[in-house]
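Heads up, the thing below is written out as structure tokens.
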Amino acid sequence: MIDWTGQQVLITGAASGIGRALAIALAARGARVTGADINAAGVAETAALCGGEAFTIDLADGAAGAQAVERLVARHGRLDAVFANAGIGYSRRLLKADLDDPGLARLWEINMLGPTRLAQALVAAAEAGGWRARLVITGSENSLSLPPSIQNFGNGLYAASKHGVLILAEWLATECRNARKPMDVHMLLPGGVYTGLTAPGLGPDPANWPAAMGIIQPERAAELCLAGLDLGLFYIPTHRHLIDDMAARQQGVAAATAALGLQQSA
Ligand SMILES: NC(=O)c1ccc[n+]([C@@H]2O[C@H](COP(=O)([O-])OP(=O)(O)OC[C@H]3O[C@@H](n4cnc5c(N)ncnc54)[C@H](O)[C@@H]3O)[C@@H](O)[C@H]2O)c1
């Protein structure tokens with residue numbers, strides 16, 4: 001079990017939802033939490049709830065993540081963990097979507113590139129300071145498949161950002177391992193969680209939530225995240241149905257290789 005006592009932790013997207021729940025859960029285990037979010041009032045409230053600190057940040061600005069890491073290292077002398085959790089939704093029918101929408105640049109930056117920028121800054125700081133760091137990136141069930149339960153949501157571009165951040169995390173973990181860099185990388189993969197992201201679509205009444213989504217509360221997602229970290233997992237799913245959702249892709253490729261008569265080594 002990880003001893004979080006006294007560990008300096010930065011959580012992006014900590015003003016609400018999963019980020020706030022992580023902040024409270026980590027503080028309960030003794031971590032010293034700093035939240036960073038574009039929502040100044042929300043992140044200040046999170047800091048008050050967990051006895052931590054907060055500052056405002058816009059992660060659509062590519063330099064902001066590295067500046068946040070530098071700021072915390074300068075203030076506390078170290079930064080043990082970053083939870084790259086901030087994310088935005090983006091829902092459009094792909095066949096009609098404006099692919100030149102400036103909002104897409106924000107989507108790629110916040111959801112996909114931002115965690116790699118944080119990784120670069122964190123590993124550099126840990127190497128210079130001589131400590132080992134941990135990076136926990138929030139992906140999604142949309143990182144792994146096109147879940148049948150949400151196929152009418154128009155999530156294609158959001159899902160592209162979440163597929164992108166997963167493969168970047170896999171490469172980051174591989175590069176860290178191969179180059180013996182002092183950073184462990186983990187991937188939180190939430191299914192449906194009732195937060196500011198999903199609440200507008202789901203409404204307040206759980207009776208109306210699609211059963212197939214298996215919506216959970218952010219506190220449960222945070223609990224599973226910390227349990228996954230305790231176990232040293234890279235992939236930290238919050239729902240069992242993620243496996244079944246992924247199976248369609250694997251089975252499709254397997255069926256195609258069989259249909260094409262491809263042999264084991266081909
Ligand atoms: N809720 C779900 O069902 C679900 C499922 C899978 C993945 N996720 C992911 O979980 C993460 C947390 O989302 P959530 O569900 O808790 O929703 P949320 O909206 O409650 O939290 C997202 C937080 O990110 C912050 N944020 C948005 N843009 C930002 C920016 N430019 N700079 C800094 N902060 C910014 C928001 O202010 C908010 O506090 C996201 O990455 C999201 O994609 C959520």
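In each ligand, atom 1 is the first atom listed, and ligand 1 is the first ligand listed.
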Among N85, I88, L197, which one puts a heavy atom closest to atom 28 (N) of ligand 1?
I88
What do you reckon, does I110 have a nitrogen or oxygen under 3.5 Å from a nitrogen or oxygen of ligand 1?
no
I'd like to know if R20 contacts ligand 1, where contact means a heavy-atom distance under 4.0 Å to any ligand atom.
no
Please state which part of R106 comes within less than 4.0 Å of ligand 1, counting heavy atoms only: side chain, backbone, both or neither.
side chain
Considering residues, nucleotides and ligands other than R29, do more than 12 of their heavy atoms fall under 6.0 Å from its CZ?
yes
Would you mind checking which non-hydrogen protein atom is closest to atom 17 (O) of ligand 1, with the distance to 0.1 Å?
T195 OG1, 3.3 Å
Residue, atom and distance of the protein heavy atom nearest atom 30 (C) of ligand 1 read L59 N, 3.6 Å
Option nearest atom 10 (O) of ligand 1 (shortest heavy-atom distance, choices T238, I216, T198, T138)
T138
To the nearest 0.1 Å, how far is atom 22 (C) of ligand 1 from its closest protein heavy atom, and which atom is that?
G87 O, 3.7 Å
Which residue and non-hydrogen atom of the protein lie closest to atom 3 (O) of ligand 1, and at what distance in Å?
V193 N, 2.8 Å
For atom 39 (O) of ligand 1, which protein heavy atom lies nearest, and how many Å away is it?
D37 OD2, 2.6 Å
Using heavy-atom distances, let me know which of A21, S16, G139 sits nearest atom 18 (P) of ligand 1.
S16
Who's closest to atom 4 (C) of ligand 1 heavy-atom-wise, of G191, A221, S143?
G191
Show which atoms of ligand 1 fall inside a sub-4.0 Å distance from at least one heavy-atom site of A60.
31 (N)
Atom 31 (N) of ligand 1 has as its nearest protein heavy atom D58 OD1, 2.8 Å
Nearest non-hydrogen contact with atom 43 (O) of ligand 1 belongs to which option: Y158, F83, Y194?
Y158
With sequence neighbours excluded, tell me which residues meet salt bridge (Lys or Arg N to Asp or Glu O under 4.0 Å) with E70.
none
